[in-house]
Visitor: 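Attaching a single structure in structure tokens format; questions to follow.
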Amino acid sequence: MMDRRAFIGCLGLGVLARSRDVRAQPARRVPRIGILSFAGTTAEIAGPEPSRPSAKFLVRGLRELGYEYGRDFVTEPRGAEGRPELWPNQATEMVRLAVDVIVAPGPYLPALKRATSTIPIVMAAGSDPVGDGYARSLSRPGGNITGLSLQEIETTGKRLELLKELVPSAAPVAVLWNNVTPHSARYWQAAEAAAEKRGWKLLKLEIRDAGEIERAFKTAAAARAGALLTIASSLLFGRARQLAELAAANRLPAMYDLPEYVEAGGLIGYGADLDEIWRRAAAFVDKILKGAQPAELPIEQPSKFNLVLNLKAAKALGLTIPPSLLARVDQVIE
């Protein structure tokens, strides 16, 4: 039989051995999610409670899936504050940090594609992923990029129709687009096809950089354009307030591709719900962190679109909103 002193000694050795085993076990690695924002600041997209809507809805989506910040994931945020020249360095930095997955809006995709072919990338609103060469098809992307598209080609004609419904007499309708962005030409072609089908006259306003925006508005005024349609591009999105002010100064009713333009003072916008897109991006992050390959995750089309109207801007332009159009508005800004 073992005496009391020997028993206590053995018990102590057992506890010591177990404590050594616990210390020997490596700490569980917490996945890191890189978040890129071309318009926001790093502070706005950082931490468990980001203030920027994009990152806020991504984190909210992860929380809805059972993820807890700090326990199940952390983020590596980088905001470009509307400065495209920062995108390549930020993409390279994500690769250097060896994050587990990168979530980024469409404008970052060229830089990210050059920076890595292995780190999974979830695009939050890619303009035309197949047409731009980021995926072989929507159903089977085939590379390291997946996520959600904006479906902009399909909505370009719809936005032109809505604008003509608001301003039926507008002729020509000026179309402002950045011809440096590859997919913008396809959007122009979609607008042109919609106009030809209905006998509407368009005025093409091609710009290469921000310095040509004011000149484009002068061209529209000289041609007596009756309304303005903008084509999606990060160049224009980063200057939403300037566009709204120039449209108001030139008394041009303007239709934009995203509601954010209307919040900046623009007249009317129709496009995919970006908040919902970023929330849905969380589902892609979840699948990737659980082992799914981006090459096999089908790219989603947006399921929710918003029509937003700024009544203050309409009043300043002396516009009367047709009741049939007003009935379809999802959000009214007074």
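For the numbers below, each heavy atom of this structure counts, side chains included, while hydrogens, waters and symmetry mates do not.
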Visitor: How long is the straight-line distance from CG of Leu58 back to OG1 of Thr75, given to the nearest 0.5 Å?
Guide: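 Between Thr75 OG1 and Leu58 CG, I get 8.5 Å after rounding to 0.5 Å.
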
Visitor: Given Ile121, which partner from the list Leu36, Thr116, Ile288, Val103 fulfils the side chain to side chain contact (heavy atoms under 4.5 Å, CB included) test?
Guide: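 The residue from Leu36, Thr116, Ile288, Val103 that satisfies side chain to side chain contact (heavy atoms under 4.5 Å, CB included) with Ile121 turns out to be Thr116.
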
Visitor: Please determine whether the number of non-hydrogen atoms from other residues, nucleotides or ligands lying under 6.0 Å from atom CD of Glu214 exceeds 12.
Guide: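 No, because the 6.0 Å sphere around CD of Glu214 holds 12 heavy atoms or fewer from other groups.
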
Visitor: So, are Arg32 and Glu76 salt-bridged, with charged N and O less than 4.0 Å apart?
Guide: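 Glu76 and Arg32: salt-bridged.
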
Visitor: Is Arg280 salt-bridged to Glu300, cutoff N-O under 4.0 Å?
Guide: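 The answer is yes: the pair qualifies as a salt bridge.
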
Visitor: Do Thr42 side-chain atoms and Gly79 backbone N/O form a donor-acceptor pair below 3.5 Å?
Guide: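 It does hold such a pair.
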
Visitor: What closest approach, in Å, do Ala232 and Ser184 show between heavy atoms, and which atom pair accounts for it?
Guide: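 Residues Ala232 and Ser184, closest heavy atoms: O-OG, 3.6 Å.
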
Visitor: Between Ile33 and Leu62, which heavy-atom pair has the shortest distance, and what is it?
Guide: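 Distance-wise, the nearest heavy atoms are CD1-CD1, 3.8 Å.
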
Visitor: Looking at Glu245 and Arg241, is any side-chain nitrogen of the basic one under 4.0 Å from a carboxylate oxygen of the acidic one?
Guide: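 Answer for the salt bridge query: no.
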
Visitor: Flag the pair Tyr261 / Phe237 as yes when their ring centroid distance falls below 6.0 Å, and as no otherwise.
Guide: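 Ring-ring flag for Tyr261/Phe237: true, centres closer than 6.0 Å.
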
Visitor: Hey, are Ser127 and Glu152 close enough side-chain-wise for a donor-acceptor pair under 3.5 Å?
Guide: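 No, no side-chain donor-acceptor pair sits under 3.5 Å.
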
Visitor: Is a side-chain N or O of Arg78 found less than 3.5 angstrom from the main chain of Glu93, in a donor-acceptor match?
Guide: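 Side chain of Arg78 to backbone of Glu93, a donor-acceptor pair under 3.5 Å: no, none is there.
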
Visitor: Does Asp100 come within less than 4.0 Å of Arg29, counting only side-chain N to carboxylate O?
Guide: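 Answer for the salt bridge query: yes.
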
Visitor: Pick one: which of Thr219, Asn179, Asn178 meets side-chain hydrogen bond (donor to acceptor under 3.5 Å, both in side chains) with Glu206?
Guide: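 Looking at Thr219, Asn179, Asn178, the match for Glu206 under the side-chain hydrogen bond (donor to acceptor under 3.5 Å, both in side chains) is Asn179.
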
Visitor: Please determine if Asp286 and Lys290 form a salt bridge, counting it only when a charged side-chain N lies under 4.0 Å from a carboxylate O.
Guide: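 Between Lys290 and Asp286 there is a salt bridge, with a charged N closer than 4.0 Å to a carboxylate O.
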
Visitor: Using a strict threshold of under 4.0 Å (side-chain N to carboxylate O), is an ion pair present between Arg198 and Glu161?
Guide: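 Counted as a salt bridge, because a side-chain N and a carboxylate O are separated by less than 4.0 Å.
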
Visitor: Check Arg186 with Asp128, please: is the shortest side-chain N to carboxylate O separation under 4.0 Å?
Guide: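 A salt bridge is present here (some side-chain N lies under 4.0 Å from a carboxylate O).
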
Visitor: Output the distance between atom OG1 (Thr155) and atom OH (Tyr270), rounded to the nearest 0.5 Å.
Guide: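 One finds 7.0 Å between OG1 of Thr155 and OH of Tyr270.
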
Visitor: Under 3.5 Å, is there a donor-acceptor pair between the side chain of Arg71 and the main chain of Tyr67?
Guide: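 Side chain of Arg71 to backbone of Tyr67: no pair is present.
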
Visitor: Looking at Ala244 and Gly265, what are the two nearest heavy atoms and their distance?
Guide: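 Minimum heavy-atom separation between Ala244 and Gly265: CB-C, 3.6 Å.
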
Visitor: Go through the side-chain N and O atoms of Tyr69 and Glu49 and say whether any donor and acceptor fall under 3.5 Å apart.
Guide: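 Distance-only check fails for Tyr69 and Glu49.
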
Visitor: Take atom CZ in Arg215; do more than 12 heavy atoms of anything else shown fall under 6.0 Å from it?
Guide: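 More than 12 within 6.0 Å, yes.
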
Visitor: Is any NZ, NE, NH1 or NH2 atom of the basic residue among Glu334 and Lys315 found under 4.0 Å from an Asp or Glu carboxylate oxygen of the other?
Guide: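 No salt bridge links Glu334 with Lys315.
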
Visitor: Kindly say whether Leu307 contributes a backbone atom to a donor-acceptor pair with the side chain of Asp330 at under 3.5 angstrom?
Guide: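 Present.
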
Visitor: Any ion pair linking Glu81 and Arg83 (charged N to carboxylate O, less than 4.0 Å)?
Guide: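 Here Arg83 does not pair with Glu81 in a salt bridge, since their nearest N and O are not under 4.0 Å apart.
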
Visitor: Between Ser233 and Leu236, is there a donor-acceptor pair closer than 3.5 Å when you use the side chain of the first and the backbone of the second?
Guide: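 Yes: the side chain of Ser233 pairs with the backbone of Leu236.
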
Visitor: Is the number of heavy atoms from other residues, nucleotides or ligands under 6.0 Å of Arg63 CZ greater than 12?
Guide: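 Yes, enclosed.
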
Visitor: Between Arg328 and Ser324 (side chain of the first, backbone of the second, donor and acceptor by atom type, cut-off under 3.5 Å), is there such a pair?
Guide: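 Checking the backbone N and O of Ser324 against the side chain of Arg328, a donor-acceptor pair under 3.5 Å is found.
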
Visitor: How close do Trp200 and Ala194 get, heavy atom to heavy atom, and via which atoms?
Guide: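 Smallest heavy-atom distance, with atoms named: CE3-O, 4.5 Å.
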
Visitor: Among Leu311, Val167, Leu252, Leu317, find the one that has a side chain to side chain contact (heavy atoms under 4.5 Å, CB included) with Leu267.
Guide: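 So the option named by the test is Leu317.
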
Visitor: For Lys312, is there any backbone N or O sitting under 3.5 Å from a side-chain donor or acceptor partner on Asn310?
Guide: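 Looks like yes, one N/O pair under 3.5 Å.
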
Visitor: Ignoring hydrogens and angles, tell me if any N or O in the side chain of Gln90 forms a donor-acceptor pair with the backbone of Trp87 under 3.5 Å.
Guide: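 Checking the backbone N and O of Trp87 against the side chain of Gln90, no donor-acceptor pair under 3.5 Å is found.
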
Visitor: Given 3.5 Å as the limit, does a donor-acceptor pair link the side chain of Lys164 with the main chain of Ala170, or not?
Guide: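 At least one qualifying donor-acceptor pair exists.
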
